[in-house]
There are 2 protein chains.
Amino acid sequence: MRHFSDISATAQRLVDVAQALIQQHGYNGFSYDDIAREVGIKKPSIHHHFATKAELVRIVVQRYAHTFGALLEQIDARHQDAGARLLAYAELFAQTYQNERRLCLCGILGAEADALSADVALEVRGFFQFNLAWLVKTMELGAAAGALRLRGGAKEQAYALLAVLEGAMLVGRGLGSDGSPAAAGQTYISNLLA
Amino acid sequence: MRHFSDISATAQRLVDVAQALIQQHGYNGFSYDDIAREVGIKKPSIHHHFATKAELVRIVVQRYAHTFGALLEQIDARHQDAGARLLAYAELFAQTYQNERRLCLCGILGAEADALSADVALEVRGFFQFNLAWLVKTMELGAAAGALRLRGGAKEQAYALLAVLEGAMLVGRGLGSDGSPAAAGQTYISNLLA
DNA sequence: GTCTATATAAAGATAGAC
DNA sequence: GTCTATCTTTATATAGAC
């Protein structure tokens, strides 16, 4: 199976545009023609790069997850404190939403899970799994340092923090507000402070 | 403009099926033909009851919001304690998700906000607004009784709790897990306990 | 690698008979 | 109130020329 790092410059542009369209309109909300218009080539040309929509989206998610994983490593490198790391994590979601109210790619795809091919669903699942693993690790660090109080356990708190951030984007859209997931994340994290 | 309480028995069945389809597949993920097959009539017959898809969905959301509002009143009638009310609130979302992993109707529609007609978007917005108002009121009650500690303010905590519940459904789907929003809600609420 | 042309299916919606 | 037939548009995808 193809890997996102193995694609041409044109294919990368297609992936860029596809990602933005999914974050704005969802899997069922965009078409090859939408991409074609944005990129400036004709619809059938896209099939030369990605035979099916499912294959295109699989690469989109694969790259998104990879990039996100790299951002988590950056956070670890820049911040030693668990609380600071969690706030930086929330900022990742805030930056996404601030950009035309885009949703987390895997958030919207998670909601549309049953419309996805098995391959895409697997990539989405992987995204959530490594995010939760990182959050658990970070929270346990904070608890060990005595900075965080994890009622119910690190796993439960990690799940809830991830849910707050994903949910804040979706509620923000429903309200038609620019209110950032950062605020909801900060509220959540402040509740954990010992 | 028509009101949901003013529709025929057949129209009600259409609304029932449409609601379930949206909660499972989203606004862009179902068609008049999907409803027709489920209800056992032909596609054009639906247009007799609802001229457009937007009008059908507007009624779906209107009824959903009304029903949800009544459930909030039931919670107030059954529980005096703010903590118990919040837990019962989380249970509402859990019950929805337990039913074939259905999402909150307004959660998924919020995510698809830009695909909605202005009328539908307004109904969705109203749903979130009265939910937040109820949560703020309930949280302030708990704070006044000394049971809850609302760091950052009731408004912020209300927003975050709503986000947790909406987000937990979407993350659960992405993970392919049955794990309930109730767990995330309980985690959140336990963090508020004084 | 991109194009035009085309196949095929599904979408929302309308017309008019029963 | 429901049906058949049809319109129009859009979707994913393929064939084959350049």
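Every chain is numbered from 1 and lettered A, B, ... according to where its sequence line falls, protein lines coming before strand lines.
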Can you label the angle between the A/Tyr188 ring and the B/Tyr188 ring as parallel, tilted or perpendicular, going by 30° and 60°?
tilted

Using atom NE2 of B/His48 as one end and atom P of C/dA15 as the other, report the distance to the nearest whole Å.
15 Å

Quickly work out the B/Glu55 CD to C/dG12 P distance and round it to whole Å.
15 Å

Residues A/Tyr27 and A/Glu112: closest non-hydrogen pair is N-OE1, 2.6 Å

I need a per-nucleotide contact map over nucleotides 4-18 of chain D, read 5' to 3'. Cutoff is protein heavy atoms under 4.0 Å; write B for the base, S for backbone only, - otherwise.
BB-----BBBB----

With side-chain hydrogen bond (donor to acceptor under 3.5 Å, both in side chains) as the test, would you mind laying out the steps for B/Gln157 and A/Asn191 before giving the verdict?
CA-CA 9 Å; B/Gln157 294 289 352; A/Asn191 286 344; 2.8 Å; yes

Rounded interatomic separation in angstrom, taking CG from B/Asn28 and P from C/dA11
12 Å

I'd like to know whether A/Arg58 forms a salt bridge (charged side-chain N to carboxylate O under 4.0 Å, His left out) with A/Glu55, so could you lay out the CA-CA distance, the side-chain angles of the two residues, the decisive distance to 0.1 Å, and finally the verdict.
CA-CA 5 Å; A/Arg58 189 181 66 78; A/Glu55 170 65 2; 3.1 Å; yes

Decide ring pair (Phe, Tyr, Trp, His ring centres under 6.0 Å) for B/Tyr159 and B/Phe128; before the verdict, give the C-alpha distance in whole Å, the side-chain angles of both, and the deciding distance to 0.1 Å.
CA-CA 9 Å; B/Tyr159 192 96; B/Phe128 284 124; 8.8 Å; no

